Structure formats: structure tokens, C-alpha cells
K.L.:
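Pasting a structure below so you can have a look.
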2 protein chains.
Amino acid sequence: MAKITDVARRAGVSPSTVSYALSGKRPISDATRRRVEEAARDLGYHPHAAARAGAGARASVLALAAPLRSGVHVPVVMRLAVSVVTTARAHAHDVLLLTQEEAEEGLNRAVRTASVDGLLLTDVELHDPRLPTLRSLDRPTVLIGVPANAYGLTCVDLDFRAAGEACVNHLAELGHRTVALVGSPPEVYLRRTAYAHHLMHGFTTAAARHGLASSVHPGGPDPATAPRLAERLLHEHPALTAVVVHNEPLLAPLIAAFEHLGLRVPADLSVTAVCPDDLAATPRLPVTSVSLPADELGARAVDLLIRKLHGTAVPETTLLPPRLTERASTSRRMPA
Amino acid sequence: MAKITDVARRAGVSPSTVSYALSGKRPISDATRRRVEEAARDLGYHPHAAARAGAGARASVLALAAPLRSGVHVPVVMRLAVSVVTTARAHAHDVLLLTQEEAEEGLNRAVRTASVDGLLLTDVELHDPRLPTLRSLDRPTVLIGVPANAYGLTCVDLDFRAAGEACVNHLAELGHRTVALVGSPPEVYLRRTAYAHHLMHGFTTAAARHGLASSVHPGGPDPATAPRLAERLLHEHPALTAVVVHNEPLLAPLIAAFEHLGLRVPADLSVTAVCPDDLAATPRLPVTSVSLPADELGARAVDLLIRKLHGTAVPETTLLPPRLTERASTSRRMPA
DNA sequence: GTGAAAGCGCTAACAT
DNA sequence: ATGTTAGCGCTTTCAC
């Protein structure tokens with residue numbers, strides 16, 4: 001493994017010149033720079049990040065803390081992760097993946113021991129226990145999710161409150177008077193996971209504003225529970241004509257279950273979802289949905305974090321406006 | 001951030017004593033160790049990995065190179081990733097996630113620049129272009145997947161060849177005479193991805209050995225293509241009574257498509273899958289399957305890598321024997 | 001425009 | 001059993 005002194009010797013300059021020539025942190029004559037670059041290339045030289053970090057520079061590593069708790073839809077997290085890694089690479093950073101439950105201590109360790117420059121947190125809770133640790137860590141951080149008190153934090157997320165409202169607005173415009181939300185699994189609400197909470201909040205307040213009868217039903221993550229849930233919904237709310245589904249694994253099975261019970265979608269029942277676009281745009285029954293732009297969220301989060309690393313001021317909370325796409329699963333309420 | 005000298009001062013000892021007391025690399029009196037540990041705890045001291053690495057020690061970081069190319073089933077990779085991170089943490093290591101396509105150069109960079117101690121590769125191809133780079137990198141590596149020439153490498157995977165054979169054996173015993181394999185998407189075969197190749201190989205040879213008529217059909221990753229594929233299979237192979245599915249996203253839709261075409265599973269058509277257990281053990285129609293133990297693969301791979309880091313000799317290739325579980329989707333062939 | 005030298009925080013000989 | 005010292009490879013004052 002070539003080191004900086006090897007490059008220096010080969011280029012006939014001092015190590016510091018190599019460092020400067022490669023980093024561009026001070027003016028170097030064109031001739032020298034050229035020789036240094038060539039020598040570096042010949043030797044396949046890559047500066048050793050650890051040593052660099054020792055000398056006070058950054059290690060160019062971001063940590064992604066993605067707890068993967070029960071009830072979260074893994075594919076969405078994965079897409080976020082991929083988008084984070086890709087965007088980080090575009091900024092010449094690598095990504096350390098933290099999934100552990102040992103949340104607080106894990107963050108500490110990552111920052112010290114693995115010399116992480118900045119942190120990205122997912123699965124943010126309204127009162128996230130990691131926040132105090134985070135504040136003490138004095139490393140730039142971006143939360144993917146908006147806690148109850150975002151003061152002094154940088155957060156980015158889909159505007160889930162507005163997303164919930166958008167779904168209800170759409171249904172209200174179509175004349176529906178009784179709506180239900182099929183949300184995330186109960187444990188997600190119990191943890192007060194931010195996104196689930198915000199969506200529910202938006203759903204409920206919009207329903208109230210429109211004077212709609214509304215109810216909220218956490219849905220199990222298991223598709224097999226869909227038929228029971230469908231039955232229960234219809235039984236408990238006979239006037240129900242529209243459902244908002246914020247639960248990826250349940251979306252398709254739930255629609256199937258309703259149809260199995262003899263309801264036609266959208267003729268008898270309108271369905272709106274909040275989920276990644278490709279999940280909604282299925283050929284059998286394209287579902288009207290608010291897009292959950294996991295890729296964009298990841299990219300935005302990294303962009304913000306990189307800017308913070310550079311010392312640039314960034315907005316406190318970035319909320320992506322919901323984008324509702326009308327597809328075949330919603331229609332005007334048929335007068336009964 | 002407390003450093004080793006802070007701890008030393010507080011404990012009234014020299015820095016090296018702190019280092020030794022914490023690492024246990026040389027005998028320290030109980031009294032001293034206790035004082036050091038207490039001082040470290042009080043100060044919230046974590047050794048700085050970058051500096052450590054500078055001094056010749058390891059950084060305790062593993063890299064997981066998971067390309068996520070087109071055609072791979074993301075949830076399986078994700079489970080592997082989670083299992084890798086969890087197991088790595090159990091060995092006090094962190095995991096750097098590499099997804100980039102810039103494969104060879106990416107590995108180089110990770111090792112140098114991010115001071116990675118060891119590498120884990122997924123999505124291994126029969127003639128994987130990363131192998132030469134890997135050999136030159138001189139970092140312990142474990143492949144999750146078995147290339148054509150595994151000489152000098154450490155590999156771990158499900159024994160996909162045996163898995164293919166197990167499926168065919170099972171079907172042959174049930175009296176089936178014409179079988180088809182619905183495999184991974186075409187691009188996976190074009191890349192000569194190891195697992196897909198090995199499974200197909202096992203399927204084909206076992207079919208030949210039993211004297212069965214067999215055919216292989218790459219399946220698109222898109223569930224929407226299932227109906228077309230089902231039709232084609234039945235049309236091209238009128239005598240077909242059994243199918244092996246090695247394609248997670250297609251499994252359920254394909255069965256649905258067959259049933260839609262009027263076939264009863266398993267009365268008219270037996271279906272075997274190679275997939276994670278929870279995907280097969282669906283309540284509607286539990287599918288006979290060979291388990292794809294993503295968790296165990298990840299854990300094994302990390303264990304092997306850690307042992308290599310410790311300088312322990314490890315077996316060259318570890319193949320997990322296939323475990324076939326009979327469920328409701330296969331039955332004895334009905335004489336026509 | 002370039003070099004020499006100090007030092008980042010840690011570990012591992014080399015002492016005692 | 002503990003302390004002293006010399007680096008690891010790099011960046012960054014200083015100095016010219």
C-alpha cells in the first residue's frame with residue numbers, strides 16, 4: 001500500500017507538497033501538481049483515512065442508524081438505505097450501517113470508535129430517547145422523521161400530516177362521508193413513531209374539518225390478517241365508503257379481502273394509500289396514493305448532512321409536500 | 001471527547017497502562033485495572049479507532065459489498081445485511097455498507113480510505129470480476145456465494161445445487177414426470193450469478209438422473225408477468241405437473257395465476273419453492289419449500305470473517321445443506 | 001511555491 | 001507490574 005512518502009519520493013517533492021497538491025489547499029505550480037498526480041496514479045495511492053482523521057481531518061464516513069424495529073416495512077427502509085449510500089458516495093463519503101437496539105450507546109460508540117463524521121437517524125419517535133445523546137455528541141445530525149420538539153435539530157421527511165389531509169380531502173371531495181384509516185401496526189403507535197403519528201393526526205383533523213365520520217385502525221403487519229380486518233371494518237362501520245391505507249404489506253391483501261367480501265373497488269369502496277409509488281401503480285388495480293418518496297428522502301437527508309459538515313446553515317425542518325396521484329381505486333361516492 | 005491521556009491522568013497511571021488495562025494485552029494489577037476502568041467510565045472514554053488504526057491496530061470495521069443489481073430480491077439482501085450487522089456487533093465490529101456498482105475501485109477505496117479490516121461480498125458471480133481485486137487487496141474476505149473457482153477463497157452459501165436436487169427428488173418421488181423451473185430474472189443468469197446457476201444446475205441434473213422431462217424459465221421480477229408466464233408454461237408443456245419456483249416476488253402471483261387458469265394446487269399442479277421460510281409458510285396455501293436461511297448465512301459469513309481476522313484457519317467453502325419442508329403445495333401426481 | 005517539523009490519539013516495543 | 005518512547009500516515013503550522 002503506497003503511502004504519501006512513496007508518492008513524495010517518486011515525484012521528487014516533500015510529503016506536505018503531495019498533501020497540498022492532492023487536496024488543493026494551497027497553490028501548487030502546475031508542473032509539480034502534474035508530477036504528483038502522476039506519481040499517485042502510478043502507485044495507486046489513496047490517502048489513508050484513519051491517519052488523516054488522526055491529523056484532525058474527517059474520516060468521510062456517515063452513520064445511518066436504522067433500528068429496524070418491529071412493525072416497520074423493511075423494503076422502504078432498504079430503499080432509504082440504498083439512496084443514502086448512493087448519495088453519500090456521490091459526496092465521497094461511506095456509510096456505516098447501525099441497526100442495533102442499543103441505540104444511545106451505539107451512537108456514542110460509532111462516533112468515537114468508528115470516527116463517524118455525521119449521523120442520520122431513521123425511525124424517529126415523537127419523544128425519541130436518542131435525542132439527548134445526540135445533542136451531547138456534537139456531531140452534525142439529520143433526522144429522517146420529525147419529533148415533537150424539533151428545536152435545534154435538522155429534520156427531513158414527507159409531510160405526513162399533510163399527506164393524511166390530502167387523502168381525506170380527496171375522499172371528501174368525492175363525496176365520501178365515512179372514512180377509516182388503516183395504519184401501521186400497534187407497536188409503531190405505541191412507540192409514538194413520528195411518521196405514523198403525524199399521518200394519523202392529519203387524517204383525523206381533516207376528517208373533522210370536513211365533518212366526516214372517521215376511525216383509526218392499526219393494522220397487523222401480517223397480510224394474513226387482512227380478511228379479518230376487512231370484515232371488522234365493514235361490521236363496525238356499516239356506512240364506510242372509503243379507506244386510507246398507511247401500511248404497505250396490508251394494501252394489496254386488504255383490497256383483495258374487500259373484494260372477496262363482495263365489495264367492488266372503487267364502486268362500493270374507495271381506497272387511498274400512502275406508500276411508494278411502485279407499490280401503488282400495480283397493474284391489477286392501480287391505487288390512488290400519496291407517494292412515499294424513500295429515494296428522495298434519503299438523498300435529501302444526505303445532502304443536508306453534507307452541508308452541515310461543511311458548516312453551511314441548513315433549514316431546521318424540511319417537509320416534502322405530499323403528491324397525490326389519482327388512480328383507479330377511488331371514485332365519487334355512489335348515493336345508496 | 002476524553003482521550004487516553006485524560007483517563008491516565010485521572011487514574012494516576014501512564015497512557016500505556018490505560019491501553020493495556022483496557023485491552024487486557026498484558027497483566028495489570030487488579031487495583032490499577034479497577035481505577036482505570038472507573039476513570040474511563042467516568043469520562044465516557046471510548047478509544048478512538050482512527051488513532052488506533054494509525055498505531056497498527058484494527059479499526060473494527062467490516063465492509064459489506066452488496067451490489068443490489070437488477071433482478072435480486074431486495075428483502076433477502078436486507079435480511080442478510082441485518083444479520084451481518086447484528087452478528088458483527090456481537091463481535092464488536094461495525095459494518096460499512098457498499099452498494100455501488102463501481103465494484104472493483106469501490107473495494108479498493110473502502111479498504112484504504114475507510115480502513116476496513118475485512119470484506120463480505122454478496123451477489124457473487126461464477127466469474128466474479130471482483131476476485132482479482134480481492135486477491136490483491138490482502139484483506140480477509142468472505143464471499144456469500146460460490147464462484148466457479150473458489151480456490152484460496154472463503155465462501156459460504158446455501159448449497160443451491162443440492163437445493164435444486166432436493167426439490168426435484170421430492171417431486172420425482174411423488175411421481176411427477178414433467179417439471180419446470182421458474183428461475184431468477186434473465187439478467188441474473190446473464191451475469192452468471194452463482195446461486196442462480198448452481199440451483200439451475202442441481203435442478204437440471206437431478207431431473208436427468210430421474211429421467212424427468214424438464215425445462216427452465218427465467219421469470220421476470222414483476223408479479224404482473226405471472227399470468228403470461230403461467231399460460232406459456234402450460235401451453236409449451238402440456239404434460240407439466242410440477243413447478244419449482246426460485247423467484248420470490250413471483251411465487252404467490254404465479255400460484256394465483258395457475259389457479260386462475262383453472263388448475264388446483266396441488267391436485268393438478270405441485271409447486272415447490274426455494275425462498276425464505278416465512279414467504280413459503282403463508283396461511284392461504286403453505287408452499288413446500290427449501291428454506292433460504294438469509295439470517296444464518298449472514299451470521300456464518302461474519303463468524304468466518306472474524307475468525308480469519310484472528311488468524312484462525314477456516315474451511316474454504318461452507319455449504320449449508322438444504323432443508324426441504326413439505327407443506328400443502330405438493331402432492332402425489334394424479335394419474336391422468 | 002515548497003520544505004521541515006510538530007503533533008493527532010493510540011499501541012507496542014523497550015525499558016525498569 | 002508499570003512507565004518511557006518511538007512511531008503509524010497524514011495534515012498543518014511555521015519558516016524560507
Side-chain angles (χ1 to χ4, degrees), chain A residues 1-37 39-40 43-61 92 108-117 309, chain B residues 1-37 39-40 43-61 92 108-109 111-117 138 309:
Chain A
M1 299 256 108
K3 40 181 143 201
I4 200 169
T5 52
D6 298 333
V7 179
R9 194 171 327 113
R10 191 175 230 267
V13 297
S14 78
S16 64
T17 302
V18 173
S19 176
Y20 285 122
L22 262 28
S23 71
K25 290 199 180 170
R26 84 179 182 190
I28 296 282
S29 77
D30 253 35
T32 308
R33 156 174 297 115
R34 218 179 300 289
R35 266 184 305 136
V36 169
E37 282 170 353
L43 268 40
Y45 171 74
H46 291 261
H48 191 85
R52 192 170 227 170
R58 321 254 71 165
S60 294
V61 174
N108 258 315
R109 214 209 49 256
V111 167
R112 279 292 295 179
T113 220
S115 38
V116 157
D117 302 326
L309 285 171
Chain B
M1 298 253 108
K3 41 181 143 202
I4 199 168
T5 52
D6 299 333
V7 180
R9 192 170 332 110
R10 191 175 230 267
V13 297
S14 79
S16 65
T17 301
V18 173
S19 175
Y20 286 122
L22 262 29
S23 72
K25 289 199 181 171
R26 82 180 183 189
I28 297 281
S29 76
D30 254 35
T32 309
R33 155 172 300 113
R34 217 178 301 289
R35 265 185 305 135
V36 169
E37 281 170 354
L43 268 42
Y45 170 74
H46 291 262
H48 191 87
R52 191 172 228 168
R58 320 256 73 169
S60 295
V61 174
N108 259 316
R109 212 210 51 256
V111 167
R112 278 293 295 179
T113 222
S115 40
V116 157
D117 302 327
D138 124 67
L309 285 171

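Everything quoted here is computed from the prediction, not taken from an experiment. In what follows, every chain begins at residue 1, and chains take the letters A, B, ... in the order their sequences are listed.
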K.L.:
Rounded to the nearest angstrom, tell me the gap between atom CD1 in B/Ile4 and atom P in C/dA12.
P.N.:
11 Å

K.L.:
Quick one: closest heavy-atom pair of A/Arg33 and A/Ala21, and the distance?
P.N.:
NE-O, 4.0 Å

K.L.:
Among D/dG9, D/dA1, C/dG9, which is the nearest nucleotide to the side chain of B/His48?
P.N.:
C/dG9

K.L.:
Between B/Lys25 and C/dA12, is there a contact of a side-chain N or O with OP1 or OP2 at under 4.0 Å?
P.N.:
yes

K.L.:
Minimum heavy-atom separation for A/Val7 and A/Val18, please, with both atom names.
P.N.:
CG1-CG1, 3.9 Å

K.L.:
Under the 3.5 Å rule, do the base of C/dG3 and the side chain of A/Arg26 count as making a donor-acceptor pair?
P.N.:
yes

K.L.:
Under 4.0 Å between any heavy atoms, over every strand shown, what does A/Ser19 touch: base, sugar-phosphate, or nothing? Just pick one.
P.N.:
base

K.L.:
Under a 3.5 Å cut-off on both pairing distances, which runs of 3 or more consecutive Watson-Crick or G-U pairs involve DNA chain C?
P.N.:
C:1-16 with D:1-16

K.L.:
What I'd like to find out is whether the side chain of B/Ser19 reaches to under 4.5 Å of the side chain of B/Ile4, using heavy atoms alone.
P.N.:
yes

K.L.:
With a 3.5 Å cut-off and heavy atoms only, can you find an N or O donor on one side and an acceptor on the other between the side chain of B/Tyr20 and the base of C/dA12?
P.N.:
yes

K.L.:
Just how far, in rounded Å, is C1' of D/dG3 from CZ of B/Arg35?
P.N.:
14 Å

K.L.:
Just the rounded figure in Å: distance from P of D/dT11 to CG of A/Leu22.
P.N.:
8 Å

K.L.:
Does the side chain of A/Thr17 get closer than 4.0 angstrom to OP1 or OP2 of C/dG3 through an N or O atom?
P.N.:
yes

K.L.:
Could you state the atom-to-atom distance from NZ of A/Lys3 to P of D/dG7 in whole Å?
P.N.:
12 Å

K.L.:
Looking at side-chain heavy atoms only, is the closest gap between A/Tyr45 and A/Leu22 below 4.5 Å?
P.N.:
yes

K.L.:
If you round to the nearest 0.5 Å, how far is OH of A/Tyr20 from CZ of A/Arg26?
P.N.:
4.5 Å

K.L.:
If you assign each of B/Asp30 and A/Pro47 to its closest nucleotide in DNA chain D, which residue comes earlier from the 5' end?
P.N.:
B/Asp30

K.L.:
Under 4.0 Å between a side-chain N/O of A/Thr32 and OP1 or OP2 of C/dG1, yes or no?
P.N.:
no

K.L.:
Round to the nearest Å and state the distance from A/Asp6 atom CG to D/dG9 atom P.
P.N.:
9 Å

K.L.:
Once you round to the nearest 0.5 Å, how far does OG1 of A/Thr32 lie from CD of A/Glu37?
P.N.:
11.0 Å

K.L.:
Ignoring hydrogens and geometry, is there a side-chain-to-backbone donor-acceptor pair from B/Arg35 to B/Ala11 under 3.5 Å?
P.N.:
yes

K.L.:
If you measure from the Lys or Arg side-chain nitrogens to the Asp or Glu carboxylate oxygens, is any gap between A/Asp6 and A/Arg9 under 4.0 Å?
P.N.:
yes

K.L.:
What is the distance, to the nearest angstrom, from the CZ atom on B/Arg34 to the C1' atom on D/dT2?
P.N.:
17 Å

K.L.:
So, for A/Ala92 and A/Ser60, which heavy atoms are closest and what is the spacing to 0.1 Å?
P.N.:
O-CB, 3.6 Å

K.L.:
For DNA chain C, find the residues of residues 9-16 of chain A with a heavy-atom distance under 4.0 Å and give them by number; none if there aren't any.
P.N.:
A/Gly12, A/Val13, A/Ser14, A/Ser16

